[in-house]
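Here is the naming used below: chain letters follow the sequence lines, and residue numbers restart at 1 for every chain.
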Amino acid sequence: MAAKRRFRTVKGMRDLLPGEAGAFAQVEATARRVFTLYGYREVRTPVVEDTDLFVRGVGEGSEIVGKQMYTFDDKKGRSLTLRPEGTAPVARAYLQHDMASWPQPVKVFYMGPYFRYERPQAGRYRQFSQIGAEVIGDPGPYSDVELLVMLLRFLEALGFEDLEVGLNSVGDSECRQRYSRRLREFLEPRRDELGADSRRRLETNPLRILDTKAPGERRLLEAAPHLREVLGAPAREHFQVVCGQLERFGVAYRIDDRLVRGLDYYTRTVFEITSGALGAQDAILGGGRYDGLIGELGGPAVPGIGFAIGEDRLVDVLPDSSRLRAGRTAPVCVISVGPAALDVALELAEDLRVADVAAISELAAGSLKAGLRKAGRRGCRWVVLVGEDEIAADTVVLRDFENSTQETVPRDEFVATVKARISA
RNA sequence: GUGGAUGUAGCUCAACCGGUAGAGCGCUUGAUUGUGGUUCAAGUGGUUGGGGGUUCAAGUCCCCUCAUCCACCCCA
């Protein structure tokens with residue numbers, strides 16, 4: 001390698017170059033538009049939080065808290081953490097700013113970078129982008145439905161068609177405890193059929209055994225008791241309303257008994273949307289209800305529900321229609337023929353921008369030929385040319401690459417002419 | 001944290017059984033005077049990820065290391 005000691009991105013982190021960054025911007029703009037349509041408002045919380053917020057919020061038993069956090073001490077010895085997820089910070093903000101005194105429920109959305117120290121892989125980075133939304137303060141199932149419908153609307157707006165919506169209910173904490181006990185009773189006698197990971201989880205978090213990928217364990221679990229069979233009446237009714245309403249709104253979903261999520265705060269409704277076009281990390285979004293989280297953080301018993309979209313994964317499988325609308329450079333390129341017209345070229349480009357026409361100026365070109373070649377490669381369709389002749393005649397040349405035609409127009413009319421040609 | 005694969009020019013790749021690197025794309029310039037895309041020509045570009053070893057000789061074999069990718073795990 002020519003430059004062996006050149007700096008590069010840190011492991012698990014990446015640069016988004018113009019093409020990719022354009023797709024991200026497109027996705028974010030769509031999210032803002034659709035979520036705003038549903039009455040959600042954007043919030044931005046800090047990237048760094050008190051470590052304890054995640055320990056308490058996400059759960060000590062979770063893998064995230066256990067081994068994936070970027071945690072460090074600041075100069076005063078406070079333990080801080082780069083946020084690994086977005087719900088706990090929003091819940092914190094809800095309490096800190098007493099949003100309980102706002103009209104309930106509070107509906108917010110947010111987007112930005114998150115950090116998890118994991119081994120990078122397809123669709124998994126140490127810094128990744130999430131777009132999330134939360135509804136805090138309504139315990140009812142209709143909020144679940146509206147949130148899911150909004151999500152589908154958003155994906156539809158981006159041109160997605162064949163996505164799998166998985167749905168389940170993990171019940172309230174009493175149901176979960178009851179179920180954990182049953183599952184343990186069922187699996188304990190078959191302990192030696194389980195892998196090391198699952199055996200460990202048998203003690204710590206039996207529910208997580210459900211989403212194992214090991215074929216042998218999956219077969220074993222077919223005979224296991226179902227989570228939804230032990231749901232208490234309130235959780236069961238909640239889930240029934242959610243399912244019924246989703247059907248009413250034409251949302252195609254699949255009930256997935258094995259769908260349990262890794263963050264400890266989830267209760268009742270949980271969901272996940274996957275894409276077959278991704279690799280092993282096929283979840284492009286996941287979420288659920290967290291009726292106990294705010295209480296866990298020291299607040300009142302306020303229920304909530306939300307989701308997080310893995311923007312990197314979403315962009316990976318973004319339909320071409322959305323991708324094309326992203327990118328795009330300026331359609332007009334202003335070239336000076338020879339150095340004598342540089343100042344005029346600069347001025348002409350500025351005239352266009354003042355008139356709201358995106359223009360790129362080609363000021364570094366050597367020959368006119370080189371300038372035209374660059375304009376073409378940059379994807380510009382029109383070129384405005386000025387040289388000594390044009391300055392003398394007070395005109396500019398407007399060339400149309402697509403039709404290989406050009407016209408000479410008076411300088412004081414060129415902006416209007418360019419606008420007319422572009423919109424034609 | 002565990003396992004597998006791969007590291008040769010800015011990018012995508014080639015180099016038979018070890019004989020001191022090559023193509024395409026890109027970039028720059030030119031094909032008469034101020035006109036792109038196609039074509040043609042020339043130029044640019046590499047201590048073969050790094051270190052050590054074996055050998056007369058290593059991109060090629062061995063060891064170490066680093067990085068990337070994929071999977072487990074985890075989850076968005």
| query | Mind checking the P distance from B/G49 to B/G7? Whole angstroms is fine. | reply | 8 Å

| task | Provide, to the nearest angstrom, the distance between the CD atom belonging to A/Glu118 and the P atom belonging to B/G3. | result | 18 Å

| query | Just checking A/Gln68: base, sugar-phosphate only, or nothing, at a heavy-atom cut-off of under 4.0 Å? | reply | sugar-phosphate

| said: Just to be sure I understand the rule, does A/Arg373 reach a base, reach only the sugar-phosphate, or reach nothing, if contact means heavy atoms closer than 4.0 Å? | reply: sugar-phosphate

| query | Looking just at side-chain N and O atoms, do A/Ser169 and A/Thr269 make a donor-acceptor pair shorter than 3.5 Å? | reply | no

| request: Look through every strand shown and name the nucleotide pairing with B/G34 as Watson-Crick or G-U wobble, where both distances are under 3.5 Å. | output: none

| query | Is it the case that A/Arg116 places NZ or CZ above or below the six-membered ring of A/Tyr70, under 6.0 angstrom from the centre and within 45 degrees of the axis? | reply | no

| request: Under 4.0 Å between any heavy atoms, over every strand shown, what does A/Asp389 touch: base, sugar-phosphate, or nothing? Just pick one. | output: base

| query | Do other residues, nucleotides or ligands put more than 12 heavy atoms under 6.0 Å from A/Asp412 CG? | reply | yes

| message | Using Watson-Crick or G-U wobble geometry with both distances under 3.5 Å, which nucleotide pairs with B/U68? | response | B/A5

| query | For B/A71, does either OP1 or OP2 sit under 4.0 Å from a side-chain N or O belonging to A/Gln121? | reply | yes

| request: Using a heavy-atom cut-off of under 4.0 Å over every strand shown, decide if A/Tyr117 touches base, sugar-phosphate, or nothing. | output: nothing

| Considering only the P atoms, how many Å lie between B/U39 and B/G24, rounded to the nearest integer? | 13 Å

| field | Spacing of A/Lys213 atom NZ relative to B/C70 atom P, expressed in whole Å | value | 13 Å

| query | Quick one: on RNA chain B, does A/Asp197 or A/Gly287 contact a more 5' nucleotide (nearest heavy atom)? | reply | A/Asp197

| said: Given the structure, check if the side chain of A/Arg399 and the base of B/G36 hold any donor-acceptor pair shorter than 3.5 Å. | reply: yes

| query | Which whole number of Å gives the distance between the P atom of B/G18 and that of B/C70? | reply | 33 Å

| Exceeds 12 heavy-atom contacts within 6.0 angstrom, atom CZ of A/Arg254 | yes

| field | C1' gap between B/U32 and B/A21, integer Å | value | 39 Å

| Which nucleotide, in any strand shown, forms a Watson-Crick or G-U wobble pair with B/C73, with both distances under 3.5 Å? | none

| request: Please give the nucleotide sitting opposite B/U20 as a Watson-Crick or G-U wobble pair, both distances under 3.5 Å, or none. | output: none

| field | A/Arg190 charged N/C atom sitting above A/Phe186 aromatic ring, 6.0 Å / 45° | value | yes

| request: Calculate the interatomic distance between A/Arg119 atom CZ and B/C72 atom C1'; express it in whole Å. | output: 10 Å

| query | Does the cation-pi check pass for A/Arg289 over A/Tyr266, that is, NZ or CZ under 6.0 Å from the six-membered ring centre and within 45° of its axis? | reply | no

| said: On the side chain of A/Ser367, is there an atom forming a donor-acceptor pair with the base of B/G34 - under 3.5 Å, no angle test? | reply: no

| Can a side chain N or O of A/Lys374 be found less than 4.0 Å away from OP1 or OP2 on B/G36? | no

| request: Would you indicate which nucleotide in B/C69, B/C72, B/G34 comes nearest to any side-chain atom of A/Val337? | output: B/G34

| Pairwise 5' ranking along RNA chain B for A/Ile284 and A/Gly12, keeping only the more 5' one | A/Gly12

| task | Give A/Leu385 one of three labels, base, sugar-phosphate or nothing, depending on what nucleic acid heavy atoms sit under 4.0 Å from its own. | result | base

| query | Does any donor-acceptor pair link the side chain of A/Arg124 with the base of B/C73 at a separation under 3.5 Å? | reply | yes

| request: Please confirm whether any donor atom in the side chain of A/Glu390 sits under 3.5 Å from an acceptor in the base of B/G34, or the reverse. | output: yes

| task | Please state how far atom CG in A/Leu372 lies from atom P in B/G36, giving the value in whole angstrom units. | result | 7 Å

| field | A/Arg83 NZ/CZ over A/Tyr114 ring centroid, <6.0 Å and within 45° of normal | value | yes

| query | Do the side-chain N or O atoms of A/Lys67 get closer than 4.0 angstrom to the phosphate oxygens (OP1, OP2) of B/G1? | reply | no

| remark: Pairing partner of B/A41, by Watson-Crick or G-U wobble and under 3.5 Å for both distances, is B/U29

| Atom P, compared across B/G30 and B/G37: separation rounded to whole Å | 13 Å

| B/U20 to B/A58 separation - C1' atoms, rounded to the nearest Å | 9 Å

| said: In this structure, how many angstroms lie between the P atom of B/A67 and the CE atom of A/Met13, rounded? | reply: 13 Å

| request: Round to the nearest Å and state the distance from A/Arg116 atom CZ to B/C73 atom P. | output: 16 Å

| B/A42 to B/U47 separation - C1' atoms, rounded to the nearest Å | 27 Å

| query | In whole Å, what is the span from the NZ atom of A/Lys369 to the P atom of B/U38? | reply | 13 Å

| Nearest-angstrom distance from the residue atom CZ of A/Arg8 to P of B/G7 | 16 Å

| query | Hey, is A/Phe401 doing a stacking thing with B/G37, by the 5.5 Å centroid and 30° angle criteria? | reply | no

| query | Taking everything shown except A/Arg353 itself, do over 12 heavy atoms lie less than 6.0 Å from its CZ? | reply | yes

| request: Remember a base hit wins even if backbone is also touched, and classify A/Ala308 as base, sugar-phosphate or nothing at under 4.0 Å, heavy atoms. | output: sugar-phosphate

| If we take the P atom in both B/G59 and B/G22, what is their distance in whole Å? | 13 Å

